2 protein chains.
Amino acid sequence: MSRTASASNVFTAIAEPRRRQIIDLLSRGRGLAVGTIVVTLGLPQPAVSKHLGVLREVGLVSVSKQGQHRVYELNVDQLRPVYDWVKSFEQHWERQLDRIKVRAERRAQNLASTAERSTRKKGTS
Amino acid sequence: MSRTASASNVFTAIAEPRRRQIIDLLSRGRGLAVGTIVVTLGLPQPAVSKHLGVLREVGLVSVSKQGQHRVYELNVDQLRPVYDWVKSFEQHWERQLDRIKVRAERRAQNLASTAERSTRKKGTS
DNA sequence: GGATTATATTCCCAATACGGAATATGTCAA
DNA sequence: TTGACATATTCCGTATTGGGAATATAATCC
């Protein structure tokens, strides 16, 4: 299994767009057979099986046999490391938003006082 | 530049552990020279430059020349797609937490009633 | 058993990825 | 200019990736 060798971590697993698609698909509709995924995403079956293999390997999905199909289910908790990592930057956006807000307010102030001044001028002229 | 070719998206860029290290490092200490990164992470300089190249290519960092060094700065907003994607699974954790909570409460109830029963038994015995 | 369906695996291939060593480029200082 | 730094780029080698086609495995139905 060549493609799975170094895909030993979740970050690598989710780097693939198709795999994120599969994850998205699995995140709604609890438990999907491979065939469903194949049809829904319009990918060749071997490709889907391989991607599912990678996801399985890092624990992002788990399988259960159900008759002649395998039903795949998302183990959403395995995404936690990604969530935690990226969440640690949340504050930066907030800070940035704050800066933008402050700047906007300052601009508004300036506009207001400019308007006031020009109004006064108009009024006095 | 071989490694940068298909690393055209942020998800691929952050798949590399070293690159995440670099991002982490840059996230504190606004603006770092390459040499600082090299020393701090203990990686060979060419490796650092290459990784920075990838990060630059996807817009995750930006450079400014400052004398004879280049100062790299994190563009944290470029991590937004990752954040947004993974955040969409937040509710699943909450749901899971809810389930756990409910189960815990049920357990607590059972324990309570068991305790009550045994107390009553004790009391009546 | 034999055919059919569902899925996994294998093989082959072109395209990268990443590391290391060497080298190029750019900047400052004397 | 020469030399010392700081950083980027190139070259090379090996490993890995993902796709496609073919095939293997497994379960189901007749």
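Computed from a prediction, not measured in an experiment: that's the story for all the values here. Throughout, a chain's letter reflects where its sequence line sits, starting with A, and its residues are numbered from 1.
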Visitor: Counting just side-chain N and O atoms, does B:Y72 come under 4.0 Å of either OP1 or OP2 of D:dA8?
Guide: yes

Visitor: Considering residues at least two apart in sequence or located in another chain, which fulfil the side-chain hydrogen bond (donor to acceptor under 3.5 Å, both in side chains) criterion with A:R70?
Guide: none

Visitor: Only counting residues at least two apart or in another chain, list the ones meeting side-chain hydrogen bond (donor to acceptor under 3.5 Å, both in side chains) with A:S62.
Guide: A:N75

Visitor: Output all residues satisfying side-chain hydrogen bond (donor to acceptor under 3.5 Å, both in side chains) with A:R18, sequence neighbours left out; order by chain, then residue number.
Guide: none

Visitor: If the condition is side-chain hydrogen bond (donor to acceptor under 3.5 Å, both in side chains), which residues does B:S49 pass it with, not counting sequence neighbours?
Guide: B:Q45

Visitor: May I have the distance from A:E16 (atom CD) to D:dG19 (atom C1'), rounded to whole angstrom?
Guide: 10 Å

Visitor: Would B:R56 and B:V63 satisfy side-chain contact (heavy atoms from CB on, under 4.5 Å), going step by step from the backbone distance to the final call?
Guide: CA-CA 8 Å; B:R56 210 188 317 138; B:V63 217; 3.6 Å; yes

Visitor: Could you state the atom-to-atom distance from CZ of B:R19 to P of C:dG19 in whole Å?
Guide: 8 Å

Visitor: Please state how far atom CZ in A:R20 lies from atom P in D:dG18, giving the value in whole angstrom units.
Guide: 12 Å

Visitor: Without decimals, in angstroms, what is the distance between A:H51 NE2 and C:dT9 C1'?
Guide: 15 Å

Visitor: In whole angstroms, how far is the C1' atom of D:dT7 from the CD1 atom of B:I22?
Guide: 13 Å

Visitor: Calculate the interatomic distance between A:L43 atom CG and D:dG19 atom C1'; express it in whole Å.
Guide: 11 Å

Visitor: Would you give a per-nucleotide map of nucleotides 22-30 of chain C, 5' to 3', where B means the base has a protein non-hydrogen atom under 4.0 Å away, S means only the sugar-phosphate does, and - means neither?
Guide: B----BS--

Visitor: Applying ring-ring contact (aromatic ring centres under 6.0 Å, His included), which residue pairs with at least one partner in residues 9-40 of chain B are found, sequence neighbours left out?
Guide: B:F11-B:W85

